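What follows is a single structure, written as structure tokens, with notes after it.
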Amino acid sequence: MELGTEILLPPAASRGEIEGLVETLSRELDEIAATLADTIHEHLLELEDDLRPWTLQAARSNLGVIVTMMREGDDPGSARPPAEAIGYTKEYVVRGLELSLMQRAYRAAQSVFGGIILEQLRVVTDDADLLAEAMAFFNAWIFAWIEAIERRLTDVYMHEREQWVRGAAAVRAAEVRALLGGAPVDVAAVSLRLGYELERFHVGYVVWSEEAGERPGDAGALFASMERAAAAVAESLGAGPPLTVAEGRHLACWAGHRGAPELARLRLPRAAADGLSVAAGTPAQGVEGFVLSHREALLARRVAQLRGEGGGGRGAGAVQVAYPDLALEALMVDDVDGARRFAARELGPLLACDDATVRLASTLAVFLEEGASFARAARRLGVHTNTVTYRVHRAEELLGHPVGERQLELRVALRLARLIPGPD
């Protein structure tokens, strides 16, 4: 595209309005960046939510470049992507996302940004000719800028992808994905290529961090910490070096053992747990066990996330969850709305989130877990028996029936209430 001075400099007649708009954009940079990031994730469902903070950083830095270049009268065709945008592109490679998806993200943001500019221009002028002139300048300028940025980011993406494909990590990941996908495999040959014996007992586990705010593309340090944590978990189970594969923002891991390992021995030492959490599946044998234990680990992680666990950030204690302890909740995570409706039907007013009602529900849960014994529930809760009696009777008033009725349903609903407190 040949660029002329009409793109480099705003038209004389509307120069004041355009310069004023650039200053407005500069002041509202954070709000506009948030709008663009929200738009990208609303329209591109392939993007996971944990990428949103990085999308926001890339949008914010790109807007900063646009404002600076417009203010200085720079050629938009000479635009160079900021570090955050480069890191964001590399993150697409790490996650296995297509280049076309990144291009769609930029186009979605461009469309919304154009609408924001039009609204701002309408605020500063009601002259139709000036408005059309200024809008034509902005459209041409942004089009040239996007074209230049995408061309350079495409080079970054292709270079990064070539390095990734050639890497041993990619080969290992491809083998593991084939196993998880149910593809027929030569067990002996795959074991040799992975350096991990498949005809053993396996504990599949996931190491992850909910921490946001890291620079896009700066995944190396995070995954190095995850690898150390994965090794510590395997050691606690009495296993050798684990098999690990980076999947998005978590590390999928397997610890192999000749006999069935005891899941109760699993530990993530504090020294290796800085900001990290681990979720494990049930030990199982062979290729089927390899797949099953991994899937259970993912379900256990999902339950922990729904509970709001695993988000302590750097310096926080480790969160450790195991599928056998969460099997009931895990059965419901694929239908959270259905689980929420079930809990609402069974608990009614007892599902309210105020402190008094939560206390009643918690007491009722312990009461039922202790075999409907007021004395045992009181000892476990550290309160007087009369207190438990009062709370259980008050809970019955809210339920509209004795707790002895539908006791199984009540116990399940009370467990689910912790997992899905409500749509808000």
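Quick caveat: nothing in here was measured; it's all calculated off a predicted structure.
When only modelled atom types and interatomic distance are considered, Arg228 and Ser225 share a side-chain donor-acceptor pair under 3.5 Å. A donor atom on one side chain and an acceptor atom on the other are not found under 3.5 Å apart for Arg200 and His257. For the residue pair Ser277 / Gln320, no side-chain donor-acceptor distance below 3.5 Å is found, with atom types taken as modelled. At a cut-off of 3.5 Å, with distance as the only test, no side-chain donor of Thr24 or Gln120 sits close to an acceptor on the other residue. Using modelled atom types and a 3.5 Å distance limit, the side chains of Arg52 and Thr55 yield no donor-acceptor pair.
The 12-atom threshold is not exceeded at CZ of Arg80, counting heavy atoms of other residues, nucleotides or ligands nearer than 6.0 Å. Heavy-atom contacts from other residues, nucleotides or ligands closer than 6.0 Å to CD of Glu288 number 12 or fewer.
For the pair Ser191 (side chain) and Leu198 (backbone), a donor-acceptor distance under 3.5 Å is present. Using modelled atom types, one side-chain atom of Trp254 and one backbone atom of Phe290 make a donor-acceptor pair closer than 3.5 Å. For the pair Arg295 (side chain) and Leu180 (backbone), a donor-acceptor distance under 3.5 Å is present. Of the possible polar contacts, one joining the Arg267 side chain to the Ala264 backbone as a donor-acceptor pair under 3.5 Å is found. No donor-acceptor pair closer than 3.5 Å links the side chain of Ser293 to the backbone N or O of Gly289. No donor-acceptor pair closer than 3.5 Å links the side chain of Thr387 to the backbone N or O of Val383. Using modelled atom types, one side-chain atom of His43 and one backbone atom of Thr39 make a donor-acceptor pair closer than 3.5 Å. Put simply, the side chain of Ser111 never gets that close to the backbone of Arg107: no donor and acceptor are under 3.5 Å apart.
The distance between the ring centers of Tyr196 and His202 falls below 6.0 angstrom. For Phe374 and Phe367, the ring centers are positioned less than 6.0 Å apart.
A salt bridge does not link Glu23 with Arg27: none of the charged nitrogens is closer than 4.0 Å to a carboxylate oxygen. Taking 4.0 Å as the cut-off between side-chain N and carboxylate O, Arg406 and Glu346 count as a salt-bridged pair. Salt bridge annotation for Glu397-Arg394: present, with a cationic side-chain nitrogen under 4.0 angstrom from a carboxylate oxygen.
Inter-residue side-chain proximity for Arg265 and Ser236 is flagged as unmet; no heavy-atom pair is nearer than 4.5 Å. Arg172 places a side-chain heavy atom less than 4.5 Å from the side chain of Leu243. Residues Leu179 and Leu194 meet the side-chain proximity criterion, which asks for heavy atoms closer than 4.5 Å. Annotation: side chain of Met70 is in contact with side chain of Ile142 (closest heavy-atom distance under 4.5 Å).
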Can you check salt bridge (charged side-chain N to carboxylate O under 4.0 Å, His left out) on Glu46 and Arg95, steps first, answer last? CA-CA 11 Å; Glu46 301 93 327; Arg95 292 169 180 258; over 6 Å; no
Could you walk me through whether Asp354 and Thr357 satisfy the side-chain hydrogen bond (donor to acceptor under 3.5 Å, both in side chains) test, starting with their C-alpha distance in whole Å, then the side-chain angles of each, then the deciding distance to 0.1 Å, before giving a yes or no? CA-CA 6 Å; Asp354 60 280; Thr357 307; 2.8 Å; yes
Passes salt bridge (charged side-chain N to carboxylate O under 4.0 Å, His left out), Glu247 versus Arg177? Steps please. CA-CA 10 Å; Glu247 290 284 351; Arg177 286 167 186 155; 3.2 Å; yes
Given salt bridge (charged side-chain N to carboxylate O under 4.0 Å, His left out), test Glu370 with Arg380 step by step and report yes or no. CA-CA 9 Å; Glu370 294 295 336; Arg380 180 169 158 187; 3.0 Å; yes
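Minimum interatomic distance between Leu36 and Ala109 (heavy atoms only, all atoms of both residues): CD2-O, 3.6 Å. Looking at every heavy atom in both residues, Gly286 comes nearest to Glu199 through CA-OE1, 4.3 Å. Residues Val207 and Met226 come closest through the heavy atom pair O-SD, 3.8 Å. Here the shortest heavy-atom pairing between Phe201 and Ala260 reads CD1-N, 3.6 Å. Ala85 approaches Asn62 most closely through the heavy-atom pair CB-OD1, 3.8 Å.
The aromatic rings of Trp141 and Trp145 sit parallel to each other, their planes meeting at less than 30°, with 60° as the upper class boundary.
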